[in-house]
Amino acid sequence: MVSYINLNKMKKLLLAFRKNLGRHIAGLLLVCLLLPMNSCKKFVTVPEPINSITTLETFSNDATANSEIVGIYSKMASYSESYVNGDITINSGMSADEFQQFGSPTLFQLNNLQTADGSSDLFWTQAYFNIYQANLAIEALKNSTGVSTQMKNQLIGEAEFIRAFDYFYLVNFYGDVPLVTTTAFAANETLPRTSVAKVYQLITSDLMDAQNLLAIDYSVSDGERTRPNKWAAKALLARVYLYQGDWKDAEAQATSVINNSSLYSLTDLNSVFLANSNEAIWQLQPDYTIRRPYTTYEGNSFIPIRATSNPNYYLTSELISAFEPLDQRRTAWVGSTQYAGQFYYYPFKYKIRLGTVGVVPAENIMVLRLAEQYLIRAEAEANGAGGGVNSAIGDLNVIRSRAGLPSLSTSLTKDSVLAAIAQERRIELFAEFGHRWLDLKRTGQATTVLSTEKGFTVSSNALLYPIPGYELQTDPKLTQNPGYLSK
Amino acid sequence: MLQPKQNKFMKYYPLSGIHLSGGYTTQIWRTMKLTFIIITAFFMQVSASTLAQQVTFKANSISIKNVFTEIRKQTGYIVLYQAEELDASKTVSVNFDHASLKEAMTKILQNQELDFTIEDQSIVIKKKEPSLLEKLKNALTPSPPPSVVTGRIRNNIGEPLSGASITIKRTKEGTIAGADGKFILKNVDPNDTLLVSFIGYKTLIVPVNAKADFPYLIMEVATNGLDQVVVQAYGTTTQRLTTGDIGKVTAAEIERQPVMNPLLALQGKIAGLDVNQTSGYASAPVKVELRGRGNISNNFTSDPLYIIDGVPLTVVESGVSGNANLYKNGSAGFIQSGLLGPADGQSPLFSLNPSDIESIEVLKDADATAIYGSRGGQGVIIITTKKGKAGNTKVDLSFQEGITKVTRDYSLMNTQQYLAMRNEALRNDGIVPSVSNGDYDLLQWSQSNNTNWQKVLYGGTGRSTNAQVSLSGGNPQTSFRIGVGYNDNTGITTVSGSDQKASLSFNLTHSTPDHKFQVTLSGQYAFTQSDMTNLPSATLLPPNAPPIYDASGKLNWDAWGGDYTNARGALGQFGSLYNPYSSKTNFLNSNLNLNYEPLKGLNIGTNFGFNSAQANQTFFQTIAGQDPDSSPTGTSNYGYTMNKNWTIEPQVTYNIVVGKGKIDVLLGGELQQTRTDGFNFMGSGITNDILIQNVSAAPSSSINSMFEGEYKYAALFSRLSYNLGNKYLLNITTRRDGSSRFGSGNQYGNFGSLGAAWILSEENWFKKQLSFISFAKLKGSYGLTGSDAIGDYGYLTRLSTGIPYDGTVPLLPTQHANPNFHWSTTKKLEAGFDFGIFKDRVNFSVDYYRDRIGDQLVNFPIPNFTGFQNVIENSPALVQNSGWEFTGNAKIIDKKRITLTINFNGAFNYNKLVSYPNFALSPYYNTLIIGQPLNILKVWHLTGVDPQNGQYMVQDINHDGQISQADTYPLNLSPKFIGGFGINLTYQSFGLNLFFAIKQQTGQNALSQIANPGSIGNLPASMVGKEWQYPGDITTVAKYSSLFSASRTFYLASDGVYTDASFIRLENASLSYNLPAAYLAKIGMKSGSIFINANDLFTITKYQGPDPETQNFGGLPPTRTIVTGLKLSF
């Protein structure tokens, strides 16, 4: 009976509910309406994205702070978007007299870059992105409390080193450039160009600072020479002093690198460009996981696909004939191929054209190496630093003897020694990070040498690349280099 | 009293018509007439037996209700009655044998004080009208005046018309009908006339004649353009009564076009709406722009807000910082994975079946759009799907099939001309052709091959198939529609490719018996699959290039290059033909609407919306498509996009008649949340093509790009409309919006508008003086709308992962963060004049508008040396779009047998940068000019070719002896005029519809897209013999040279590569024939037609290039589609 009553009651309740259904729904709808009325913040607050972290989070601990600096090397070593991995060597090698592209000549080769053409813009864009990454780290690490002091020093040191490295190429390619040392876009977006000398001041102070902060070995990268240390900062600083004619300081920096024989020594010609070779001061490890060719861009570009096919780039006959007879570098670092009845020579410093996905490459991108330090010191000495001309000949002979060449006489005049150094740099450092192009420019010989060798007049305007048109458009305070249109 | 329609075909075969003169024709006429009579007689017979308006039924003591049910079963007619007047449970005895409906009804209702009328689909029972005698008697004995009149308003399918207004003509006072359609009106004089009006229905004029109750006021759907329903924001209106500017495209217009994307059906149809197909792929993004470009930045799309059945379609654009020129190319839509595909994305509206669409409304001015607040700045496009209607269950079938072909080829040099050109160029350069100079086309390739690469790439014929079935029906309480469609367009490329769409839509409406509570559920689901390959940009290959494939069907490496890598490289681009791309999407849009009317005029409702889009892409870079010399490995790419979006929109509306005016109030809120996830991953190093689809076989895999966005949105809005005697109209909207796309403190913004209209033609003086003008309205509006279309998290500093380095996963900064940007605002002003003459047979409207867009949210271009090339900011620029729009239509002939109507629309838009503080220091200083349009390009003026050296010359405008930036002038690339006109002709059962789109503009020509004339690459045939050869030659084409010359830089930035790209295009042509209804009835069908539809039949243009619309030479060009089909309804 109880159940009957209950059923009846329920039925009544149900009926009552159905009768008032409309009212219930109306109530519900009113609640819905009222929900956004208290339009408080939570309706428009979204959680932080999961695929990225903020700057604050990044620099809150050692691991992620380290990852931000690694981001710079990741960009630099990238196959597709790095001027450091290949472009400096190839494009400025063509601007100079090192090699030519097989097929129609490029605008670099013709020393006829155009603002609108944009083929030199990537140097600018990528260098400045690296600088942004470095600036971000320097700013954030100085205020960070979560990162250990040791890590902080190393990372700030690396960031300063990177900033100096990128500015070095910027001033050498473009002349005066905007000097950006912060990430504040509002303050930076209308910067004018800063003189080369002032940019060199920042480069120098960054490298001096970095020397004190960076590790003295390769412990940060587990013995791999893939991240800069104190000696890399010194090696780059030696070059910077050399370019400014500060012979004494150049000699001092180079000497301290050369004297660190426990880490650095000249190796057999065929092993120089191997990963972590004893000659390597700083290398970049090419990406071997995502993008073909899983090896250096240069190795992939210079080595022909097969023995019978044409090269992509071939060394100029002038460079080939500049090698002295018996120079072992001529056989160890120059490759040759015969195509359509003609011999072509190509740079063969890197021996691997194609790596294997997932396999750590045997060759790394060589950025700074010991041989250059000998040549820097030789030039500084020839100009009066340290042991003078005699020491210069001694340093030069170290390089020559490795190449199987006879020693130079110790009775040479200063001018002959300087000429010998220039010749040795041309051969030792050919097809390597634009040394030839920058050497011709800094010694004031570029227009005469190039005009003679190329058979057309190379204008002095062509010695600086055009400032990218987009930059001129977005920053009205920026001026174009002479000889180029502003768009 | 109406007779039941015994014969519907009378309508189609009238016995009188156009009389032709002359003996011979008279003879024919007589014969035809006779034939007609015979046919008609025959059909009458047929109809009598098939249409079954006869009842055969026998029963004793059966309830009247059951008799009605039986009548409905046999005839399809529903019976409407009021419970108070008819006791349906009362029993009767009937015996009908082929009794007519009329007879049957009379019999059933005998002995009751009731009468009936038979309308379209229903039988209405009401109290017996007094007989003439009784009327006389009533007139002689004056009854007390019926100060209170009651009644009930329904439409012709029996649905009560809640909200219909009833006014006394004399006093202009009135009331509105409640949920059940009932009303009570006080202070009515016996001699008064009542006016009953409702949106979308013909106004009913009811003389009171001393009656106190009108239980059967049946309203008919309006058929004239002015009074048809127009969907507006959160409601409906009519062109007559709206204070805003709303354009409408109907289902009939959409159906006539053989397009898969409904947006393309809008081309040229709405004044001021510019719709551009971005490529020939059916699924490709569509660029839509209303009334000109509003944003100074080209990093944001110009798309209006799309709303499908009340649910906004929000696709978060991930390309904001990466994919520049979104303005030019439109949104990547459903493809937000970072893997764009050959069509550069996929239009979200491609996933909507055009056959399911009832109407598309385009909201233009502040009055119409401000209630969408922040998102209405670029206009609003409301898409409404088809709904079921009360009545017999109806099946609609349509099937069409046709072909697609490229519209035209662009004529290029043949081999002989090409080789002559190349040799001449090298001669000019003093170069002897050599292998190391890269002259493989002259030295290594056959000198006799002659290939038209356009034919090879896209010379195929595509097929277009479209099949649609829908089922609909219901009763006044419950109605439904289910639609199923399949659509397939195969590509015109010589490799396979197709765009397919399968869709399902449903709609269900139910209301309680008292019609106070109503629920509507609707949904559209579509699955699409697009298979395509990246087209090699090979249209400009030398015509003597060897065949692509060798004898074994593989890429012809040996013939192209042998050991020569550059020549092999030229073949390499055809490798893409071996790299299949496929995109599969699922799209669901659903909407649940609940509405309750607790009190007369008060409606409380909530709209729940949900849509979700999912795209899965695959792209395989096979080994077969790569040079075997490069020891290739395969790569498989997978892209995923997930977009989910829900909204809740509670609303309260209240309408009331106060004195002579009618007030409508709307209060509402909106909560929205959208989440988009996109990423693509890649497996590389695959050593065998058989394993290409198996990503686990890849030695290395990586996630390339990951996008994640979350968007929340909250709003409160209101609208107050006041209508005084259908003469003076006022509309006020307000909205407060909050968006998660802004940093703290900038999240909320206020918007609103004021609109008013004056219908002059309702004034007595107007009616007296200007009676030939049947309708005249002046309207105006002003308001604020805005935009937050900037993508998510723009205010946050962010770092994201990159390619691992030396075993460590790096973190890379992704953007400049700016926490300070806020809502952009658009101030819209509009004034319009609408009028109709000759009883609205000719209608014309003209509108002037002025939109001023300030505080624009832009991806502000800043120099790369800051780290990134842009940052989201509010631009100080003030941009104005102003212009005139006109729309009109005219019924030229309106006879029974022949009708001819024309319609036209046009828009002139003037875009200009009004002001820009500190312009000289802005990034736009070199590209824009204050007072000029945004779409300008500063170009040099090409003066010709220097007769001395054969180089292009440009004009030294400032005569300083140097060519510099100062010598450029602005060239406006915005369309100057867009419009269209249509002709619709029906003659008996034939219908012909033609629609022409017109556009006046300047655009980039094909000459801008060719290689340096003289280097390897084919040239337009029009250049043959026009080039400079010897000093003294006066020519239009510069000296051929294989080397890059500075004069080419000038040429490419001169007006020489821009031409008049205006065109008139027969956008759409459609011819149909309605099958004889009698014949159809015999096989149980209601209607049927056969038709031919075609688009892009011809284009009249002076444009130098393949197509003036896409202005793209080398990509997939637009196509022409011609389909034939059949439509049946039963």
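Throughout, protein chains are lettered first and strands after them, A, B, ... in sequence-line order, and every chain is numbered starting at 1.
- A centroid separation of 6.0 Å or more is found between the aromatic rings of His816(B) and Phe860(B).
- With a threshold of 4.5 angstrom between heavy atoms, Asp117(A) does not approach chain B through any atom at all.
- Chain B forms more heavy-atom pairs under 4.5 Å with one residue of Arg227(A), Gln133(A), Lys75(A) than with any other, namely Gln133(A).
- For chain B, the nearby part of Pro105(A) is the side chain; its heavy atoms alone come within less than 4.5 Å.
- The most heavy-atom pairs under 4.5 Å with chain A, out of Leu1043(B), Thr866(B), Ile862(B), come from Ile862(B).
- Heavy-atom pairs under 4.5 Å with chain B were tallied for Thr226(A), Thr125(A), Val180(A); the largest tally goes to Thr226(A).
- Looking at Leu478(A), the atoms closer than 4.5 Å to chain B (heavy atoms on both sides) all sit in the side chain, from C-beta outward.
- If you measure heavy-atom distances from Leu170(A) to chain B, you find no contacts under 4.5 Å at all.
- Options Gly438(B), Pro861(B), Ser1042(B) differ in how many heavy-atom pairs under 4.5 Å they form with chain A, and the most are formed by Pro861(B).
- The most heavy-atom pairs under 4.5 Å with chain A, out of Leu811(B), Thr635(B), Leu1052(B), come from Leu811(B).
- If you tally non-hydrogen atom pairs under 4.5 Å between each of Val357(A), Val46(A), Asn188(A) and chain B, the highest count goes to Val46(A).
- In summary, the side chains of Thr512(B) and Asp514(B) do present a donor paired with an acceptor at a separation below 3.5 Å, with no hydrogens or angles considered.
- Looking at Thr633(B), both its backbone and its side chain come within 4.5 Å of chain A, counting heavy atoms on both sides.
- In this structure, chain A has no heavy atom under 4.5 Å from any part of Phe919(B).
- For Val809(B), the part sitting under 4.5 Å from any heavy atom of chain A is the backbone (N, CA, C, O) and nothing else.
- Between Glu139(A) and Thr183(A), the side chains place a donor N or O and an acceptor N or O closer than 3.5 Å (distance only, hydrogens not considered).
- Nearest approach of Thr115(A) to Tyr484(A), heavy atoms of both residues: OG1-CB, 3.6 Å.
- With chain A as the partner, the residue from Ser739(B), Pro863(B), Pro632(B), Gly738(B) showing the most heavy-atom pairs under 4.5 Å is Pro863(B).
- In this structure, chain A has no heavy atom under 4.5 Å from any part of Ala698(B).
- Heavy atoms closer than 4.5 Å to chain A are found nowhere in Glu649(B), neither backbone nor side chain.
- With Tyr713(B) as the fixed residue, the side chain to side chain donor-acceptor pair (under 3.5 Å) test singles out one of Thr674(B), Thr647(B), Asp737(B): Asp737(B).
- Using a 4.5 Å cut-off between heavy atoms, Gln444(B) contacts chain A through its side chain alone, with no backbone atom that close.
- Heavy-atom pairs under 4.5 Å with chain A peak, among Gly683(B), Ser631(B), Pro699(B), at Ser631(B).
- In the model, Asn310(A) has a side-chain atom that pairs as donor or acceptor with a side-chain atom of Thr565(B) under 3.5 Å.
- In this structure, no portion of Phe742(B) lies under 4.5 Å from any heavy atom of chain A.
- With sequence neighbours excluded, the residues satisfying side-chain hydrogen bond (donor to acceptor under 3.5 Å, both in side chains) with Asp166(A) are Tyr83(A), Asn130(A).
- For the set Leu812(B), Asp806(B), Thr808(B), Asn437(B), the count of heavy-atom pairs under 4.5 angstrom toward chain A peaks at Asp806(B).
- Interface summary for chain B: among Ser67(A), Ala77(A), Gly71(A), the most heavy-atom pairs under 4.5 angstrom belong to Ser67(A).
- A cation-pi arrangement is present between Arg741(B) and Tyr711(B), with the terminal nitrogen or guanidinium carbon under 6.0 Å from the aromatic centre and inside a 45° cone about the axis.
- Looking only at atom types and distance, the side chain of Gln965(B) has no donor-acceptor partner in the side chain of Asn926(B) under 3.5 Å away.
- Residues Glu224(A) and Tyr218(A) form no side-chain contact, since every pair of their non-hydrogen atoms from C-beta on lies 4.5 Å or further apart.
- Ranking Trp124(A), Tyr73(A), Tyr339(A), Phe129(A) against chain B, the residue ahead of the rest is Tyr339(A), based on heavy-atom pairs under 4.5 Å.
- With respect to the salt-bridge test (charged N to carboxylate O, under 4.0 angstrom), the residues Glu597(B) and Lys516(B) do not qualify.
- For Tyr344(A), the side-chain hydrogen bond (donor to acceptor under 3.5 Å, both in side chains) test picks out Gln342(A), with sequence neighbours left out.
- The aromatic rings of Phe679(B) and Phe681(B) sit parallel, their planes meeting at an angle under 30°, below the 60° perpendicular limit.
- Minimum heavy-atom separation, Leu485(A) to Ile963(B): CD2-O, 4.4 Å.
- Here Gln114(A) is the residue among Gln114(A), Met76(A), Glu57(A) with the most heavy-atom pairs under 4.5 Å with chain B.
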